[in-house]
Colleague: 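Mind looking over this structure? Questions follow.
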Amino acid sequence: MRSPPPGASTLLSGTRAGIAEVSRILERVLSPETGLDPLTALIQAAASAADNPDVYSPSSETCAAVAATLAAPVAAEGTRTREPDAAVQSALHEPQS
Amino acid sequence: MRRQGRWPLCDAHRRASKGLPDADTLRSAVRALVSNGGIQFDAKSPQKTVRLHPIEVDLVSDWLLAHDPGLQVAVDLRLAGWYREQWLPQSQWRSPEDVAPQRREFHHRWRAGDYDEALVVLAQVARFLVRRGDTASVRNAVEGADTVALGPRGRVAREQCRYLVEFFAGSSDRAETAAQAAIDAAEAAGMPDVTTEMQAELATVWRHRGESERAIQALLAVTEAGLHVERQVRLGALFELGMALCYAKRWDEALQAADELAKTIGPSDHGKLANPPADIRALARFGAGDYEGALAAASEAVGLYLDSPKQDNAGYAYNVAGLVWLHRDDLEQAARQFGEGERLGAEFKVDRLAGMCATNQAWTQLRAGDRSGALAAARRLDSAQRDPGWHR
């Protein structure tokens, strides 16, 4: 079996909470063709980083707010979906626990 | 024209090679080299250096290797000794050129068959080289060292180099194996300082793998071992203890470790070499919800790291500042800080740093409602994983 490149193994096993896993989930949820449920995927990504203080781990409320923005109609990949509105911003505010 | 100058040069070399200690012979040889342009005076050098033309260097080297290996060894060792005198203090290292004398010394000692000492030299600069993205040369040296017989010190240095390659640009599993091999080799060689140093390094691997409590226990064993632990090793272990406590979310104890580190660092410790307590404080204060304190400490850490041999570490402090701004809902500030951290991670080819910052940037862009920006950040990390050249 072909060995993975060195960097990949660093990212996969060299960090707590699998930074690569977070990014991979985000990439998949942001590609509409994958058909992932955004909220579930985002919560999964957040949980992957929950033990690493250097990596952002949003609350489920924040994930829900972000998922709502992702569910908005998208003209094409690579275009900005919309400006975050006040309600979303409010939901996204997270006091540090 | 250059070929016309070859024979006088060789004549000069032969004369010189018959008796380096003979001043008259050497003087004649130098005169011959000057007259045919094979030697040049470096007017810019404060030490009035005389240099062979690069083509002649190759010629002489090839001639020696082909016709007089014994003399080649002697010349290599003399050159290695000369390069050792050119070493810069570690506190002045900023770019790979600053450790060029060590690299040249390694090259000459290796070619002379002085493998152990060559690896000892390399081990002293390996961390700096790898942190500057030059993993390939250290990896090549380790692979070369696997093919020759080494003494005890050479084996220790080889495993230290292997550990650094794996830690910064390889796998944690292999880094753990190499660190343990270095510990075993150092114990066998009767090098307790290196044993302790590598035990602290092993603890860092455990922290990265998520085994914070195990790391803390190992680091406490070093920091509480007493005065027989070499000072720089203790400073490094204290820093790592603080970081491990952060990863265990034991914020108050992390801050205590930072205070202990601050008390321990003295003028003789060359402050630019030590990891600053501010780095621990930034993460610990952020974790404890002291955002102002975290930003102040992160800013201090950035300043200290950028003017040190560990410039890439500033990226972690930028990352903490970005997290603070993200939690404060200032997405523009957060994006800027993560961008700085990711830039340093890419510049110095530190996968872990670049990955953290790209991930945090993706979240920032998601919260800003910028799907394309988030996707781009997520893909940057993904492409980094797929391109092995990015890590070399």
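Throughout, protein chains are lettered first and strands after them, A, B, ... in sequence-line order, and every chain is numbered starting at 1. Quantities reported herein were computed from a predicted structural model and do not represent experimental measurements.
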Colleague: Does B/Arg379 use its side chain to pair, donor to acceptor, with the backbone of A/Glu27 at less than 3.5 Å?
Modeller: no
Colleague: Let's go through B/Trp363 and A/Leu42 carefully: what are the C-alpha distance in whole Å and the side-chain angles of both, what is the deciding distance for side chain to side chain contact (heavy atoms under 4.5 Å, CB included) to 0.1 Å, and is it a yes or a no?
Modeller: CA-CA 10 Å; B/Trp363 279 117; A/Leu42 290 170; 3.7 Å; yes
Colleague: Please determine which of B/Thr364, B/Leu326, B/Thr359, B/Asn319 meets the side-chain contact (heavy atoms from CB on, under 4.5 Å) test together with A/Tyr56.
Modeller: B/Leu326
Colleague: Can you tell me how far CG of A/Leu26 sits from CD of B/Gln365, rounded to the nearest 0.5 angstrom?
Modeller: 12.0 Å
Colleague: For the residue pair B/Met356 and A/Val55, what are the closest heavy atoms and their distance?
Modeller: CG-CG2, 4.0 Å
Colleague: I'd like to know if the side chain of B/Asn360 reaches the main chain of A/Asp54, judged simply by a donor and an acceptor atom lying under 3.5 Å from each other, with no hydrogens or angles considered.
Modeller: yes
Colleague: What closest approach, in Å, do A/Thr69 and B/Leu366 show between heavy atoms, and which atom pair accounts for it?
Modeller: OG1-O, 4.3 Å
Colleague: Which heavy-atom pair separates B/Leu283 from A/Pro53 by the least distance, and what is that distance?
Modeller: CD1-O, 3.9 Å
